[in-house]
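A short write-up of the structure that comes next.
Read the numbers this way: they start at 1 and go in the same order the structure lists the ligands and their atoms.
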Amino acid sequence: MISNRLKKLSESATLEMAKKSRELKAKGVDVISLSLGEPDFNTPEKIKAAAKKAINENYSHYTPVPGLLELRKSIVKKLKRDNKIDYHPNQIVTSTGAKQSIANVCLSLINPGDEVILLAPYWVSYLEIIKFCDGKPVIIKSCLKNDFKINAKDIEKNITKKTKLILFNSPCNPSGSVYSKKEIQEIGEMLSKYPNTYIISDEIYEHICFDTKHFSIGRVKKIKDQVITINGVSKGFAMTGWRLGYIGAAQWIADACNKIQGQFTSATSSITQKAVEAAMNIDPSELNDMKQEFQERRNLIIKLLNKIPGIITNKPEGAFYIFCDISSFFGKKYDKYIINNSHDLSIFLLEIANVAIVAGNAFGDENCIRISYATNKVKITEAVTRIEKALNKLSN
Ligand code: PMP
Ligand code: GLU
């Protein structure tokens, strides 16, 4: 019998959908997968060359638990250069992906019953990690009309003596929303009144921002020690499989994460660490082509989706997702399919349109679905055409 602790944990909805579409593909079905948040680009050559060099130079040993010093120094430089935040290398802990970084911080900070504020729609794993830590999720909902954002005042209304942590993500997965400098400064000012409340700033999509510029909340001086800046290389450098994420945080939080990691994973791969050191030295301007391509895909998918009656979209300013409202299809039917919620619609689209997307309920918003546009324009066009045809089959 599995432990009670594990019974509380749900399977990751994003990875589950990716698995389902892989299974259908293996059966010969031509599935277009717009479910997983994974860039379709290759890792830049400079980074691959650094990894090959590391293999040749026998970087094959255990590294220090938080990562090689030269890697942490390169992260310190990057955080100063791009985010204007000062950390010492000892305040940096690298892990096996930002996902592990988030888990480390939550395990380090949350006591049973502590309240943790989540801004919905939120990334699937946040809720599960909080539950795993016996935290009490306090969910504040936003909606498409507000561009899926929540302002400082609404966050403050939910802060109590028990609020230990807030999970903040800009650009946001799944909504693609990017908070402006002003909005973030207001949240920072507000938080300075609550020194026992911490904030995880998950900046994994930092390099995929279109018209609104990314701003790190760790820049707000008054709350610097309350902020845990989390980032990684999966999205910005197309390195999902390499597995490296990192935190910059107050020394005691970094020490706590080290302690956990020292018992659980030791450190991430030594070869990956050397590759990421090279990635950190890449100037963000070198990533402009990728950003430009994502922006064009975003414009395309908005244009195509807006032609489908019943789908409502906003204009995501970053990441590579569109989170659209599909609630007008609730109550409709086709063959054995009855659409009562976003999950029903995701199964219908997978089986009838052969397009994999993720149901909004996994992100805390039942009225929406998340479509990842991290794939080429031909596939995006074909996928939306198929979605439209399938939706046309639904009737009352
Ligand atoms: N945060 C968000 C918002 C994400 O979408 C993801 C998806 N990968 C992660 C963290 C985890 O990234 P990593 O691959 O570095 O574990
Ligand atoms: N973060 C990506 C997503 O939301 C990858 C899958 C995952 O890590 O859960 O699709």
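Residue, atom and distance of the protein heavy atom nearest to atom 3 (C) of ligand 1 are D202 OD2, 3.3 Å. Scanning the protein for heavy atoms near atom 9 (C) of ligand 1, the closest one is W123 CH2, 3.3 Å. Residue, atom and distance of the protein heavy atom nearest to atom 9 (O) of ligand 2 are T14 OG1, 2.7 Å. For atom 15 (O) of ligand 1, the closest non-hydrogen atom of the protein is A98 N, 2.7 Å. Atom 1 (N) of ligand 2 has its closest protein heavy atom at K235 NZ, 3.2 Å. Closest protein heavy atom to atom 8 (N) of ligand 1: K235 NZ, 2.9 Å.
Taking a cutoff of 4.0 Å between a charged side-chain nitrogen and a carboxylate oxygen, K377 and E296 qualify as a salt bridge. With salt bridges taken as basic N to acidic carboxylate O contacts below 4.0 Å, one links K193 and E156. Taking 4.0 Å as the cut-off between side-chain N and carboxylate O, D365 and K141 do not count as a salt-bridged pair. Looking at K19 and E11, a side-chain N of the basic residue comes within less than 4.0 Å of a carboxylate O on the acidic one, giving a salt bridge.
Heavy-atom contacts from other residues, nucleotides or ligands closer than 6.0 Å to NZ of K131 number more than 12. Heavy atoms of other residues, nucleotides or ligands lying less than 6.0 angstrom from NZ of K161 number 12 at most. When the shell of 6.0 Å around CZ of R5 is examined, it contains 12 or fewer heavy atoms from other residues, nucleotides or ligands.
At a 4.0 Å heavy-atom cut-off, ligand 2 touches N173 through the side chain alone. At a heavy-atom cutoff of 4.0 Å, ligand 2 is contacted by no atom of T240, backbone or side chain. Heavy atoms of K99 found under 4.0 angstrom from ligand 2 belong exclusively to the side chain. Here R370 has side-chain heavy atoms under 4.0 Å from ligand 2, and that is the only part of it that gets that close.
Distance OG1/T272 to CZ/R243: 9.5 Å, rounded to 0.5 Å.
Distances between N or O atoms of G37 and those of ligand 2 include at least one value under 3.5 Å. When only interatomic distances are considered, the shortest N/O to N/O separation between K99 and ligand 1 falls below 3.5 Å. Of the polar atoms of S125, none of the N or O atoms is found under 3.5 Å from an N or O of ligand 2, judged by distance alone. Residue-to-ligand polar distances keep Q100 apart from ligand 1: every N/O pair is separated by 3.5 Å or more. Distances between N or O atoms of N169 and those of ligand 1 include no value under 3.5 Å. Remark: ligand 1 and Y321 share no N or O pair separated by less than 3.5 Å (distance only, no angle test).
A cation-pi arrangement is present between K224 and Y87 under the rule of less than 6.0 angstrom and at most 45 degrees off the ring axis.
Using a 4.0 Å heavy-atom cutoff, T240 is absent from the residues neighbouring ligand 1.
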**Request:** Could you please spell out the steps behind the side chain to side chain contact (heavy atoms under 4.5 Å, CB included) verdict for K25 and I32?
**Result:** CA-CA 9 Å; K25 273 185 196 162; I32 302 182; over 6 Å; no
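Atoms of ligand 1 found under 4.0 Å from any heavy atom of N173 (numbered from 1 in listed order, with element): 3 (C), 4 (C), 5 (O). Ligand-side atoms of ligand 2 in range of S12: 9 (O), range being under 4.0 angstrom from any heavy atom. In the vicinity of G97, heavy-atom distances shorter than 4.0 Å reach the ligand 1 atoms 15 (O), 16 (O). Near L36, meaning under 4.0 Å from one of its heavy atoms, ligand 2 places the atoms 5 (C), 6 (C), 10 (O). Taking every heavy atom of Y321 and a limit of under 4.0 angstrom, the matching atoms of ligand 2 come to 2 (C), 3 (C), 4 (O). Against a heavy-atom cut-off of under 4.0 Å, Y205 is close to the following atoms of ligand 1: 3 (C), 4 (C), 5 (O). Of all atoms in ligand 1, listed by their number and element, those nearer than 4.0 Å to a heavy atom of R243 are 13 (P), 14 (O), 16 (O). If you number the atoms of ligand 1 from 1 as listed, the ones under 4.0 Å from a heavy atom of I204 come out as 1 (N), 2 (C), 3 (C), 4 (C), 12 (O), 15 (O).
Judged by distance alone, the side chains of D255 and Q251 do bring a donor and an acceptor atom under 3.5 Å apart. Counting only N and O atoms by type, the side chains of E203 and T229 include no donor and acceptor under 3.5 Å apart. Between S95 and N104, the side chains place a donor N or O and an acceptor N or O closer than 3.5 Å (distance only, hydrogens not considered). When only modelled atom types and interatomic distance are considered, S285 and D283 share a side-chain donor-acceptor pair under 3.5 Å.
The aromatic rings of Y334 and Y337 lie parallel to each other, their planes meeting at an angle below 30°, with 60° marking the opposite boundary.
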